[in-house]
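These values consider heavy atoms only, across backbone and side chains, with no hydrogens, waters or symmetry-generated copies. We count ligands from 1, going down the list as the structure has it; atoms in each ligand are counted the same way. As the structure is a prediction and not an experimental result, all values here were calculated from the model. For reference, positions follow the sequence shown, starting with 1.
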Amino acid sequence: METKRSTFTGKIGFVLAAAGSAVGLGNIWRFPYLAAKYGGGIFLLVYIILAVTFGFSLMMAEIAIGRKTGQSPIGAFQKLDRRFTFVGIMGSIVPALILPYYSVIGGWVMRYLFGFVTGQGSEMAVIDKTEVAGALTEISFFDRYIESVSEPIIWFAIYIVITSVIVLLGVQRGIEKVSKIMMPVLVVLIIFVAVYSIVTMDGAIDGVIYYLKPDFSKFSVMTVVAAMGQLFYSMSLAMGIMITFGSYMKKDVSIEKSVRQIELFDTGIAFLAGLMVVPAVFAFSGGDETALNKGAGLMFVTLPRVFDTMPYGDAIGSVFFIMVFFAALTSSISLMETVVSVLQDKFGMNRKMACIAVLIFSLVLGSISALGYSAWSDIKIIGMSFLDFFDFLSNNILMPVVAFSTCVVVGYIIKPKAITDEVELSGKFREKKLFSVMIRYIAPICIVLILISSILDVFGIVKI
Ligand code: TRP
């Protein structure tokens with residue numbers, strides 16, 4: 001028997017802790033570049049629809065499973081149905097895959113923070129025009145930075161070591177407190193930067209229109225694939241995190257209300273981050289499609305240029321990146337904590353050993369991700385760089401499989417009633433119908449279609 005689990009103190013404690021884990025680089029870095037790449041308004045629309053139906057149902061299910069079983073993911077699925085223990089195991093592998101490349105990006109954030117603090121703001125905003133094979137190409141500070149071999153690895157190593165030390169010392173509480181204070185300031189700053197660039201820069205309004213107005217001709221299956229992958233990632237779904245959170249939740253706290261609040265928080269910050277980045281890209285590029293397709297580096301190319309046009313740009317840039325750093329840090333701590341606790345529980349490792357094992361594993365996988373942009377940039381796995389590949393593997397393959405299995409377990413093995421009963425321990429379940437239909441029919445069918453189409457797309461069998 002397990003010892004009694006500690007629980008979150010009041011309602012707000014639970015929501016803040018879950019939101020703290022959900023809000024991170026996914027919202028500030030990943031969402032804007034995906035929105036830019038997959039058609040702006042149409043991506044935003046698809047994302048929001050998915051969040052309030054599909055994301056809502058899945059998060060309800062996960063939190064309720066956690067609270068019902070009082071266990072972490074592997075134990076939880078084992079308790080529900082032995083045959084589905086593998087879902088818990090697969091879910092636990094996801095954070096181990098995300099942590100290394102998440103930390104590479106954490107390293108980028110630290111490099112930029114260092115740059116702004118030491119007054120290199122304008123330097124980081126420079127874009128050189130060079131001739132490559134007769135064509136004029138733009139090379140940004142960011143391009144040159146990630147193409148250098150050792151620097152990104154050093155920053156990444158510093159970042160992951162900081163994360164490990166915090167997890168090892170068990171002082172995450174302190175970090176979380178700091179980040180909770182910083183979070184509202186970050187939101188204010190994001191709004192400020194968004195408004196500033198929209199008001200002061202030529203062409204930014206076109207970017208706002210691109211971001212807000214859905215253009216249905218830009219819709220493709222890949223829009224949904226990308227939006228769903230982002231949904232899993234941003235809400236920390238399909239990897240057992242919310243099951244673990246649920247297991248600490250008191251029986252009298254409303255799961256439904258909490259999920260709505262977490263959702264609003266998470267989607268709201270992503271939305272604002274998009275508003276900050278996408279119009280600025282337009283202003284600088286004149287709406288050029290290739291600029292919108294920049295991918296992972298978008299935020300790091302655009303924001304220094306925005307800060308460069310501002311009075312006190314270096315100071316604002318410093319404050320901004322320090323807050324992004326803390327938002328990222330709380331997420332990577334929680335990712336690492338998950339992996340460490342699985343190693344402790346299931347492999348009987350002591351905490352120190354488990355931390356060291358995760359650190360070494362992450363150093364290897366993260367270095368590979370970083371080198372994928374520099375020394376090994378010629379090596380591609382199914383057409384992707386290493387970082388993109390790890391991102392794709394976790395978000396577009398493993399998470400859908402875990403999500404699908406969760407739907408099957410809830411919809412057909414334990415039945416939705418088991419979950420709705422748990423939810424109703426703390427009041428009425430308003431969206432009960434939506435939940436049951438979603439979990440049994442719509443979600444599993446969508447996930448399968450999405451999984452198949454993203455696999456076909458990657459292997460170039462069908463271009464969608
Ligand atoms: N949701 C986090 C973000 O948006 C990233 C993330 C994914 C995460 N899975 C997680 C964070 C698990 C903590 C725990 O950045």
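Contacts between Ala22 and ligand 1 below 4.0 angstrom, taking non-hydrogen atoms only, involve the backbone exclusively. Only the side chain of Met239 comes within 4.0 Å of ligand 1, counting heavy atoms alone; its backbone N, CA, C and O stay farther away.
Within 6.0 Å of NZ in Lys380 there are more than 12 heavy atoms belonging to other residues, nucleotides or ligands. Counting heavy-atom neighbours within 6.0 Å of Lys257 NZ, excluding the residue itself, gives a total of 12 or less.
A donor-acceptor pair is defined here as one N or O able to donate and one able to accept, closer than 3.5 Å; no such pair exists between the side chain of Glu422 and the backbone of Ile65. A donor-acceptor contact shorter than 3.5 Å is absent between the side chain of Tyr33 and the backbone of Val277.
Ligand 1 lies less than 4.0 angstrom from a heavy atom belonging to Tyr102. At least one heavy atom of Ser234 lies less than 4.0 angstrom from ligand 1.
Every atom of ligand 1 is numbered from 1 in the order shown, and the set under 4.0 Å from a heavy atom of Ile241 is 12 (C), 14 (C). Within ligand 1, counting atoms from 1 as listed, the ones closer than 4.0 Å to a heavy atom of Asn27 are 4 (O). In the vicinity of Leu25, heavy-atom distances shorter than 4.0 Å reach the ligand 1 atoms 15 (O).
Ionic pairing of Lys250 and Asp252 is not present here: no N-O contact between side-chain nitrogen and carboxylate oxygen is shorter than 4.0 angstrom. Between Arg111 and Glu151 there is a salt bridge, since at least one side-chain N of the basic residue sits less than 4.0 Å from a carboxylate O of the acidic one.
Among all non-hydrogen protein atoms, the one lying nearest atom 7 (C) of ligand 1 is Tyr233 O, 3.4 Å. Residue, atom and distance of the protein heavy atom nearest to atom 10 (C) of ligand 1 are Leu335 CD2, 3.3 Å. For atom 13 (C) of ligand 1, the closest heavy atom belonging to the protein is Ser334 OG, 3.2 Å. Atom 8 (C) of ligand 1 has as its closest protein heavy atom Ser236 OG, 3.5 Å.
Here atom 11 (C) of ligand 1 lies nearest to Ser21 when heavy atoms of Ser21, Gly26, Ala18 are compared.
For the pair Leu425/Arg67, a side-chain contact is recorded, criterion being any heavy-atom separation below 4.5 Å from C-beta on.
When each of Phe282, Phe271, Tyr47, Tyr38 is paired with Tyr211, the ring pair (Phe, Tyr, Trp, His ring centres under 6.0 Å) condition holds for Phe271 and for no other.
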